[in-house]
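Every heavy atom of this structure was used, including side-chain atoms; hydrogens, water molecules and symmetry mates were not.
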Amino acid sequence: MKLFDYIFYRVAKKYYKRDGRDAFTAVLVVSIIQIELLADLFIILTKFFVPPSATTEYIKYGRILGIVIAVVFLIINYFYFKGKYWIFSNQWKESETPSQHFMRGCLVILAIISPVIIFILFAIFAGKHS
């Protein structure tokens, strides 16, 4: 099972009445998760491999680069997931047992909040060891 495909399916299923089969909310959620994970990785690598004197330059250009990357992720995900809701629905709707549905739902929620938790924990850790 591809994690992001399943997250897309579950979020699209939740917001189907509002978004229809285009499922823009689901595309947005998947894109935000991916961007947050990439940002977490960038921050961790910057903290350990870039000297503090050079971080101001990275921050200056990092914001612009971050916006460009976010837009690129959104466009790529939009075209990747376009028209795939029914494919994923047929794939997972009938094959899941109720217990699998519940456990995978918990994993989707965890996948949505974990990048933020990682960021907060790293900020606390980095603040204590600066």
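Nearest heavy-atom pair, Ile112 versus Glu36, reported as atom, atom and distance to 0.1 Å: O-OE1, 4.1 Å. Of all heavy-atom pairs spanning Arg104 and Arg10, the tightest one is C-NH1, 4.1 Å. Contact detail for Ile33 and Ala111: the closest heavy-atom pair is CG2-O, 3.8 Å. Among all heavy-atom pairs drawn from Ala26 and Val11, the shortest one is CA-CG1, 3.5 Å.
Residues satisfying the ring-ring contact (aromatic ring centres under 6.0 Å, His included) test with Phe24, not counting sequence neighbours, are none. In terms of the side-chain hydrogen bond (donor to acceptor under 3.5 Å, both in side chains) criterion, residue partners of Gln34 (sequence neighbours excluded) are, by chain and number, Asn77. Under the side chain to side chain contact (heavy atoms under 4.5 Å, CB included) criterion, Thr97 pairs with Ser99, Gln100, not counting sequence neighbours. Taking the side-chain hydrogen bond (donor to acceptor under 3.5 Å, both in side chains) definition, one finds that Thr25 meets it with Arg18, Asp19, sequence neighbours left out. Judged as a side chain to side chain contact (heavy atoms under 4.5 Å, CB included), and not counting sequence neighbours, the contacts of Leu45 are Leu41, Phe49. Not counting sequence neighbours, the partners of Ile44 by the side chain to side chain contact (heavy atoms under 4.5 Å, CB included) test are Phe48, Phe122. Among residues two or more places apart in sequence or in another chain, the side chain to side chain contact (heavy atoms under 4.5 Å, CB included) test is passed with Ile76 by Val72.
Following chains of ILVMFWY side-chain contacts shorter than 4.5 Å, one can reach Phe4 starting from Trp86, so the two form part of one hydrophobic cluster. Both Leu3 and Phe88 belong to a single network of hydrophobic side chains, linked directly or stepwise wherever heavy atoms of I, L, V, M, F, W or Y lie under 4.5 Å apart. The hydrophobic clustering, which links ILVMFWY residues whose side-chain heavy atoms are closer than 4.5 Å, places Trp92 and Val30 together.
One finds the CG atom of Leu37 at 13.0 Å from the CZ atom of Phe119 (value rounded to the nearest 0.5 Å). Atom-to-atom distance recorded for Ile7:CD1 and Ile109:CD1 is 11.0 Å, nearest 0.5 angstrom. Distance check, rounded to the nearest 0.5 Å: NZ of Lys13 to OH of Tyr6 gives 7.0 Å.
Among residue pairs with one or both ends in residues 64-83, those qualifying as ring pair (Phe, Tyr, Trp, His ring centres under 6.0 Å) are Phe8-Phe81; sequence neighbours excluded.
With Val71 as the fixed residue, the side-chain contact (heavy atoms from CB on, under 4.5 Å) test singles out one of Ile75, Leu74, Ile69: Ile75.
With hydrogens and angles disregarded, no donor-acceptor distance shorter than 3.5 Å links the side chain of Ser89 to the backbone of Tyr85.
Counting non-hydrogen atoms of other residues, nucleotides and ligands closer than 6.0 Å to NZ of Lys14 gives a total of 12 or fewer. Around OH of Tyr15, the count of heavy atoms belonging to other residues, nucleotides or ligands within 6.0 Å does not exceed 12.
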